[in-house]
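Atom set for the values below is all heavy atoms of this structure, side chains included, hydrogens, waters and symmetry mates excluded. Reminder, nothing fancy here: chain letters follow the sequence lines and each chain counts from 1. As the structure is a prediction and not an experimental result, all values here were calculated from the model.
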Amino acid sequence: MTRPLAIAMAEGVGAAIVPIDDPGSPTDFSPIWIDWPEVAGTIGRIERDDSPRWVWWPESTPRALVAVDVRPARSWDLGAVHRLLVGGWRNSPAAIWANCHGLDGASAPEPAGAPDLFSAAAEPVDEDDPIHASGHLSPEWLAGGWHVTPGRITRHAQLAAECFLRQQELVRAVGDAATVTATVYSESAAESLCAELEHDGLPIDLAVAEALIAGFIGPRPADAAHAHALAVERDERVLRHIPVDQRLDLRNPANVKAMLRRVGIEVSDTRAWRLEELRGDHPFVDDLLTWRKAERISTTFGYAWLDANVGGDGRLRGRWSGSDGAAGRMTATVGLHNMPADLRPAIVAEPGHVFVRADLGQIEPRILAAVSGDVALAAATQDSDMYAPVAARLGVDRDIAKVAVLGAMYGQTTGRGAEALRGLETNFPVAMAYLADAARSAEGGNDLRTRGGRLVRMGASSIDASDAEGRSRAAARGRYGRNAMVQGAAAEFFKTWAAVVRARLPPVDDRARIVLCLHDELVVHAPIEAGDAVARGLDDWLQEAAHRWLGAAAGPRVRFVADISVIARWSDAK
DNA sequence: TGCGGCTATTG
DNA sequence: CACAATAGCCGCAG
């Protein structure tokens with residue numbers, strides 16, 4: 001049994017550790033205090049000797065540990081568990097505490113702000129007491145960060161220990177305890193990974209990046225005036241097609257629509273995919289689409305983006321979240337998840353290093369086979385291209401089968417795939433019923449839980465079926481819920497894989513690090529000589545992750561596959 | 001100044 | 001533009 005240790009720390013002050021051995025009264029446990037100079041050494045030694053499960057409040061503690069070069073293997077991230085249990089993205093200590101104590105988050109006390117007419121009569125608060133009279137965590141106490149003391153840090157650790165024991169009980173109450181506990185561990189590991197991704201950053205070659213950007217918008221402007229002049233010049237190349245007295249703002253979609261009408265083109269909106277077919281109708285359209293591309297680079301992925309997010313060490317850094325949003329996928333800022341493919345040649349491994357890139361093949365339909373327990377669909381996953389056997393069963397082309405399967409998971413009701421949907425229902429009735437059940441439940445406003453136990457909240461009443469707008473909202477909820485069960489389980493599986501890779505990389509080469517997670521893709525930065533071993537590892541560790549993830553609940557055998565390559569730059573992958 | 005609409009990019 | 005995300009700019013309400 002891995003020993004749980006609650007930990008809280010503050011840079012420059014020290015760390016408090018509270019052993020959690022007895023579920024009786026954790027706040028009575030004797031805490032261990034470590035002064036700042038000894039923090040890295042002592043915690044590193046405990047990690048090596050005992051490998052405990054560290055229990056912590058989210059975000060600051062894992063980041064503080066990475067900053068002192070401690071990367072614990074096992075954790076129980078109270079924020080990750082809270083998000084799993086109650087859904088949504090909140091992970092503040094106040095919200096975690098409230099849920100652990102059966103309190104309504106809405107009744108939480110507001111922090112006392114600047115004195116005004118109404119707060120003048122408020123009762124004085126004791127800033128040394130963490131518990132408010134309402135039972136919630138005291139906002140004044142939480143806000144007392146300016147006065148960080150060993151006593152206060154120790155109290156944080158004790159409160160974390162208390163929440164851990166409550167969360168353990170809540171986790172046991174959610175579905176299959178082994179599955180949910182396994183998810184808690186991998187979700188917590190993902191939070192550690194997020195802290196590490198923020199710390200390590202993604203290698204980027206600045207010279208290559210600048211050259212690529214220059215290809216779209218020209219060389220770096222000397223000053224603001226020059227930048228403005230270049231922007232006017234770019235605008236002019238599009239507006240030249242419009243009479244001078246009728247030129248409008250290219251950044252205003254309504255104006256663009258009006259100018260399109262001026263050149264004889266009538267559209268309901270001006271999105272690129274719609275204008276693409278009209279490229280040949282008038283040169284204005286072609287120049288407009290080129291302008292849009294350049295404008296996007298200029299505003300979102302231009303020189304300012306490099307200046308703001310690339311460090312002096314040539315690493316691109318953004319904020320990472322282990323489970324934001326609806327179904328619990330990882331998210332990242334500053335374009336780490338939506339960088340245009342055109343800029344990817346700038347993501348280059350450092351000298352003496354390679355990227356080992358692996359992406360899961362057809363992850364969502366494979367996950368659907370697993371979570372639904374559909375034996376026929378699981379049989380199809382034995383093929384490295386599972387759409388081929390599905391197409392054979394349906395008697396349609398592979399592309400039709402693929403669109404139909406994706407359509408079923410997204411809730412599509414029209415188009416090419418809709419006809420093949422009936423074939424899916426007769427050949428894979430278990431999987432289709434699983435999706436239909438999720439959709440029906442969500443339409444009615446009922447919350448769902450993913451296989452790993454994540455609550456997917458609908459936040460809507462079931463009385464919406466009276467009018468057209470209400471039916472439309474209900475249908476949207478149905479599509480959302482149907483997809484969340486698959487996308488969410490896929491996210492949980494991906495994080496299981498990432499957690500295994502994170503745990504297994506150091507023995508192969510402790511300089512090999514995960515530098516990017518992209519929903520179904522992992523990028524590891526490794527010394528050249530470790531590249532092949534890491535590549536073999538990624539596949540082995542995928543099988544290990546599949547074994548763990550599938551093993552936690554009964555179901556047919558499902559095969560997972562990955563495409564793995566050892567490359568110098570991100571864009572080199574197929 | 002905050003928010004919804006529109007747009008672009010990715011999985 | 002099915003499901004999800006981040007992020008920029010614009011117009012408009014307050």
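We find that A:Arg240 and A:Glu236 are not joined by a salt bridge, their nearest charged nitrogen and carboxylate oxygen being 4.0 Å or further apart. Remark: A:Asp399 does not engage A:Lys402 in a salt bridge, criterion side-chain N to carboxylate O under 4.0 Å. One finds no salt bridge joining A:Arg274 and A:Glu277 here, because no Lys/Arg side-chain nitrogen approaches an Asp/Glu carboxylate oxygen to under 4.0 Å. Salt bridge A:Asp447/A:Arg457: absent, no basic N to carboxylate O contact under 4.0 Å. Using a 4.0 Å cut-off between charged side-chain N and carboxylate O, A:Glu266 and A:Lys257 make no salt bridge. For the pair A:Glu198 and A:Arg317, the salt-bridge criterion is not met [side-chain N within less than 4.0 Å of a carboxylate O].
Nucleic acid contact class of A:Ala326 (heavy atoms, under 4.0 Å, all strands): sugar-phosphate only. The residue A:Asp269 sits close only to the backbone: its heavy atoms come under 4.0 Å of sugar-phosphate atoms, none of a base. Heavy atoms of A:Thr413 sit nowhere under 4.0 angstrom from any nucleic acid atom. A:Ala272 comes within 4.0 angstrom of sugar-phosphate atoms only, judged by non-hydrogen atoms across all strands, and of no base.
Computed from coordinates, the A:Glu443 CD to C:dC3 C1' distance equals 15 Å when rounded to whole Å. One can place CE of A:Met409 at 13 Å from P of C:dC3, the figure rounded to the nearest angstrom. In this structure, A:Asn255 atom CG and C:dC9 atom C1' are separated by 13 Å, rounded to whole Å. Put simply, CG on A:Leu518 is 6 Å from C1' on B:dG11, counting in whole angstrom units. What separates CZ of A:Arg482 from P of C:dA4 is a distance of 13 Å, to the nearest Å. If you take CG of A:Leu250 and P of C:dG11, they are 13 Å apart, rounded to a whole angstrom. Computed from coordinates, the A:Tyr410 OH to B:dG11 P distance equals 12 Å when rounded to whole Å. Following rounding to the nearest Å, A:Leu516 (CG) and C:dT6 (C1') show an atom-to-atom distance of 14 Å.
For DNA chain B, the residues of residues 286-303 of chain A within the heavy-atom distance limit of 4.0 Å (strictly under) are A:Arg292, A:Lys293, A:Arg296, sorted by number. A heavy atom closer than 4.0 Å to some atom of DNA chain B occurs in A:Arg329, A:His337, A:Asn338, A:Met339, A:Pro340, A:Ala341, A:Arg344, these being the qualifying members of residues 328-349 of chain A.
With 3.5 Å as the limit, one finds no donor-acceptor pair spanning the side chains of A:Ser441 and A:Arg482. One side chain, A:Thr450 or A:Glu492, offers a donor N or O that lies under 3.5 Å from an acceptor on the other.
For the pair A:Arg451 and A:Phe493, the cation does not sit on the ring face, since its NZ or CZ is not both under 6.0 Å from the ring centre and inside 45° of the axis.
Of the residues near DNA chain C, A:Ala327 and A:Arg274, the one whose nearest nucleotide (by heavy atom distance) lies more toward the 5' end is A:Arg274.
In the set B:dT7, C:dC9, C:dA4, C:dA4 carries the atom at the smallest distance from any side-chain atom of A:Tyr480.
A close approach under 4.0 Å does not occur between any side-chain nitrogen or oxygen of A:Asn252 and OP1 or OP2 of C:dC9.
Applying the ring-ring contact (aromatic ring centres under 6.0 Å, His included) test to A:Phe355 and every residue at least two apart in sequence or in another chain returns A:His525.
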